[in-house]
**Student:** 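I have a structure here, written as structure tokens, and I will follow up with some questions on it.
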Amino acid sequence: MTGGLEEAGVFGEVTTRQAGDDDAVCGVRPRWVVLPETVEEIAAVLRACAERDLAVVPAGGGTKLHWAPPPERCDVLLDLCCMNEVLEHAAGDLVVRAQAGVTMAALSAALAGEGQELALDVPFGEDATVGGTLAAPLPGPRAFRYGTARDLLIGITVVLPDGTVARSGGKVVKNVAGYDLGKLFTGSYGTLGVIAEATFRLHPMPPERRWVVAELGGARVPAVAAALAASQAEPSAVEVDRPDPAGPLTLAALVEGTAAQTRAETLRELIGPAEVSGEPPSWWGQVFGDDVLVEVRFPASGTAAVLDAAAGCGLSLRGSPVAGRVLLEPGRELDEDELAATVSGLREKVEAAGGRVSVLAAPCQGVDRWGHVSGLPLMRRVKERFDPGRRMSPGRFVGGI
């Protein structure tokens with residue numbers, strides 16, 4: 001252990017250093033950064049934190065560490081960068097098990113050698129990690145066909161706040177009081193414990209991919225999206241991009257697998273004038289700026305209302321009208337009052353259409369990030385069950401959980 005800690009030996013032999021300004025989580029600077037290399041070392045660190053009532057924030061590549069409010073307190077930043085091994089790839093079973101600190105780019109490269117992939121389109125893939133992809137998930141374009149990270153996760157190893165190691169799904173099943181740990185920890189923003197390992201279901205890499213790209217008027221999008229979703233050509237994804245709220249909208253549909261060119265031509269007939277390409281548009285699956293990032297989820301019947309609401313609020317839009325999920329960004333810097341008013345106005349219009357608005361990232365705290373969450377009482381009970389001492393990323397999730 002290094003760094004001249006005033007409490008030498010707090011974390012045993014686990015590599016530790018004193019935190020600096022660059023380690024701050026949304027402005028809250030931890031006392032230490034701890035770098036475990038095994039599940040057992042994570043458990044030892046959390047036991048030590050439990051004994052001393054130290055608050056912990058887990059971190060992977062740090063790409064989405066600002067996607068939540070600041071923690072109420074942060075004594076330890078648990079950096080999982082050394083947990084970076086692909087532990088098992090059972091190619092014949094289309095299954096992979098990896099440590100939480102493996103980057104999605106490294107995992108993709110390892111799987112590609114066997115002609116397989118984890119069908120998640122993750123932004124920031126060079127730095128985003130397995131653990132972060134689960135803890136703060138963001139569905140990519142192909143979630144329409146393959147599902148989200150939660151859907152593709154078949155097993156998980158977590159370390160609970162008291163240092164207990166628990167496993168669920170996969171080859172070893174050890175549930176905790178009947179909880180589905182994979183579903184609970186996916187999207188929990190580090191508030192229930194630490195994701196240490198994950199096992200995923202894989203897919204063969206498709207031999208061909210084609211994108212059908214067209215510029216559409218916003219009024220046509222709902223009907224075209226519905227036709228594409230129902231098409232026997234079976235697109236894997238349908239995305240729209242409108243960087244200028246007052247400008248044109250681009251729609252792109254992806255087909256994968258056998259006869260991709262023929263199927264793409266079928267989709268082009270549904271869309272109208274369009275180009276077919278073997279390469280995605282430059283914006284496909286990307287998040288270019290996330291200082292302020294708003295996610296909207298909605299039923300198919302709400303597509304037109306969401307497109308109109310985003311334009312009316314001056315927000316750029318990118319996402320899937322067939323999966324009912326888009327990301328919005330302001331075209332200019334907004335002060336706190338302007339951002340709060342924009343989110344409030346957007347939420348009113350979207351909720352009237354049956355949708356939900358969540359603010360994933362914002363530099364100011366006077367913004368209602370989640371709106372009304374009907375399941376909040378249950379979520380509070382789960383938090384109390386797993387982390388009664390409020391030591392795991394306290395205050396970073398819905399309702400201050």
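All values below were derived from every heavy atom in this structure, side-chain atoms included, with hydrogens, water molecules and symmetry-related copies excluded.
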**Student:** Given 3.5 Å as the limit, does a donor-acceptor pair link the side chain of D241 with the main chain of R318, or not?
**Tutor:**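 Not at all, since once roles are kept as given, no pair shorter than 3.5 Å links the two residues.
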
**Student:** Does L270 reach the side chain of S231, with side-chain heavy atoms less than 4.5 Å apart?
**Tutor:** yes

**Student:** Using the side chain to side chain contact (heavy atoms under 4.5 Å, CB included) rule, take E51 and V10 through it: C-alpha gap first, then chi angles, then the decisive distance, then the call.
**Tutor:** CA-CA 10 Å; E51 292 171 359; V10 167; over 6 Å; no

**Student:** Once you round to the nearest 0.5 Å, how far does NZ of K383 lie from CG of L184?
**Tutor:** 12.5 Å

**Student:** Taking G190's backbone N and O only, do any of them form a donor-acceptor pair with S393's side chain (distance below 3.5 Å, no angle check)?
**Tutor:** yes

**Student:** Please report the closest heavy-atom contact between G193 and P161, naming both atoms and the distance.
**Tutor:**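 Where G193 meets P161 most closely, the heavy atoms are CA-CD, 4.3 Å.
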
**Student:** Evaluate the criterion side chain to side chain contact (heavy atoms under 4.5 Å, CB included) for residue pair L181 and F386; output intermediate values, then yes/no.
**Tutor:** CA-CA 11 Å; L181 295 180; F386 279 81; 3.9 Å; yes

**Student:** I need the full list of salt bridge (Lys or Arg N to Asp or Glu O under 4.0 Å) pairs touching residues 196-211, with sequence neighbours left out, sorted by first then second residue.
**Tutor:** R97-E197, E117-R209, E208-R210, R209-E256

**Student:** Working to the nearest 0.5 Å, report the span between CZ of R390 and CD1 of I401.
**Tutor:** 8.0 Å

**Student:** So, R263 side chain and T258 main chain: donor-acceptor pair closer than 3.5 Å or not?
**Tutor:**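 Indeed, once roles are kept as given, a pair shorter than 3.5 Å links the two residues.
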
**Student:** Closer than 3.5 angstrom, by distance alone: can the side chain of R242 be matched with the main-chain N or O of L307 as a donor-acceptor pair?
**Tutor:**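 Yes.
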
**Student:** Out of W370, F397, W67, which residue meets the ring pair (Phe, Tyr, Trp, His ring centres under 6.0 Å) rule with Y189?
**Tutor:**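 Running ring pair (Phe, Tyr, Trp, His ring centres under 6.0 Å) over W370, F397, W67 with Y189 returns exactly one hit, F397.
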
**Student:** With rounding to the nearest 0.5 Å, note down the distance linking CG in L327 to OG in S316.
**Tutor:** 9.0 Å

**Student:** Which heavy atom of P243 sits nearest a heavy atom of P245, and at what distance?
**Tutor:**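 Nearest heavy atoms, P243 then P245: O-CD, 3.7 Å.
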
**Student:** Between the side chain of S320 and the main-chain N/O of V238, is any donor-acceptor distance below 3.5 Å?
**Tutor:**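 The answer is yes, because a donor-acceptor pair under 3.5 Å joins these two groups.
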
**Student:** So if I apply the side-chain contact (heavy atoms from CB on, under 4.5 Å) rule between F200 and each of L134, V95, D151, I154, which one comes out positive?
**Tutor:** L134

**Student:** For A19, does its backbone N or O pair with a side-chain atom of R31 as donor and acceptor, under 3.5 Å?
**Tutor:**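 The answer is no, because no donor-acceptor pair under 3.5 Å joins these two groups.
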
**Student:** Please determine if E295 and R369 form a salt bridge, counting it only when a charged side-chain N lies under 4.0 Å from a carboxylate O.
**Tutor:** no

**Student:** Salt bridge check: are D23 and R17 linked by an N-O gap of less than 4.0 Å?
**Tutor:** yes

**Student:** Is it the case that more than 12 heavy atoms not belonging to D368 sit under 6.0 Å from its CG atom?
**Tutor:** yes

**Student:** Test of understanding: with side chain to side chain contact (heavy atoms under 4.5 Å, CB included), list the residues that count as partners of E348, not counting sequence neighbours.
**Tutor:** none

**Student:** Is the CD atom of E333 crowded by more than 12 outside heavy atoms at less than 6.0 Å?
**Tutor:**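 At most 12 heavy atoms, drawn from other residues, nucleotides or ligands, come within 6.0 Å of this atom.
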
**Student:** Which pair of non-hydrogen atoms, one from P273 and one from A214, has the smallest distance, and what is that distance?
**Tutor:**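 Reported closest heavy-atom pair: O-CB, 3.3 Å.
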
**Student:** Does a side-chain heavy-atom distance below 4.5 Å link V86 with L107?
**Tutor:** yes

**Student:** To the nearest 0.5 angstrom, please state how far the CZ atom of R347 sits from the OG1 atom of T342.
**Tutor:** 12.0 Å

**Student:** Got a second to check how far M205's CE is from L111's CG, nearest 0.5 Å?
**Tutor:** 9.0 Å

**Student:** Roughly how far, to the nearest 0.5 Å, is the CD atom of Q261 from the OG1 atom of T266?
**Tutor:**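 Those atoms lie 10.0 Å apart.
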
**Student:** Do side-chain atoms of R391 reach the backbone of D387 as a donor and acceptor pair under 3.5 angstrom?
**Tutor:** no

**Student:** Are V292 and P363 packed together at the side-chain level, in the sense that at least one heavy-atom pair is separated by less than 4.5 angstrom?
**Tutor:**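 SC-SC contact between V292 and P363 confirmed.
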
**Student:** Evaluate the side chain to side chain contact (heavy atoms under 4.5 Å, CB included) criterion for residues K183 and L153: first the C-alpha distance (whole Å), next the side-chain angles of each, then the deciding distance (0.1 Å), finally the verdict.
**Tutor:** CA-CA 9 Å; K183 285 186 169 55; L153 180 71; over 6 Å; no

**Student:** Evaluate C49 against D75 for side chain to side chain contact (heavy atoms under 4.5 Å, CB included), listing each step before the verdict.
**Tutor:** CA-CA 9 Å; C49 291; D75 300 298; over 6 Å; no

**Student:** Check whether any side-chain heavy atom of V373 lies under 4.5 Å from a side-chain heavy atom of R356, and answer yes or no.
**Tutor:**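 V373 reaches R356 side chain to side chain.
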
**Student:** Are the side chains of P58 and M392 in contact, using a 4.5 Å heavy-atom criterion?
**Tutor:** yes

**Student:** Hey, does the side chain of R380 reach the backbone of G399 with a donor-acceptor pair shorter than 3.5 angstrom?
**Tutor:** yes

**Student:** Considering only heavy atoms from C-beta outward, does the side chain of M104 approach that of L118 to under 4.5 Å?
**Tutor:**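 They are in contact (side-chain heavy atoms under 4.5 Å apart), so the answer is yes.
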
**Student:** Is the shortest heavy-atom distance from the side chain of F124 to the side chain of V287 under 4.5 Å?
**Tutor:**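 Side-chain contact under 4.5 Å: yes.
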
**Student:** Between the main-chain N or O of A305 and the side-chain N or O of D308, is there a donor-acceptor pair closer than 3.5 Å?
**Tutor:** no

**Student:** Mark yes when over 12 heavy atoms from residues, nucleotides or ligands other than E338 sit less than 6.0 Å from its CD; otherwise mark no.
**Tutor:**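 Check passes, neighbour count above 12.
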
**Student:** Do L315 and P330 have side chains that get closer than 4.5 Å, going by heavy atoms?
**Tutor:**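 Touching, per the 4.5 Å side-chain cut-off.
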
**Student:** Do any N or O atoms from the side chain of S168 and from the backbone of A166 form a donor-acceptor pair under 3.5 angstrom?
**Tutor:** no

**Student:** Can a donor-acceptor pair be found between the side chains of E351 and H372 at a distance below 3.5 Å?
**Tutor:**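 Checked: E351/H372 side chains show no N/O donor-acceptor pair below 3.5 Å.
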
**Student:** Provide the full list of ring pair (Phe, Tyr, Trp, His ring centres under 6.0 Å) pairs with a residue in residues 143-166, sequence neighbours left out, each pair given once.
**Tutor:**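 As it turns out, the ring pair (Phe, Tyr, Trp, His ring centres under 6.0 Å) pairs with a partner in residues 143-166, which skip direct neighbours, are Y146-H203.
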
**Student:** Kindly check if the number of other-residue, nucleotide or ligand heavy atoms within 6.0 Å of CG (D335) is above 12?
**Tutor:**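 Enclosed: over 12 neighbouring heavy atoms sit under 6.0 Å from CG of D335.
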
**Student:** Using a strict threshold of under 4.0 Å (side-chain N to carboxylate O), is an ion pair present between E265 and R268?
**Tutor:**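 Salt bridge: yes.
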
**Student:** Take R150 and D180, measure what salt bridge (charged side-chain N to carboxylate O under 4.0 Å, His left out) needs, and give me the verdict at the end.
**Tutor:** CA-CA 11 Å; R150 178 177 293 184; D180 185 329; over 6 Å; no

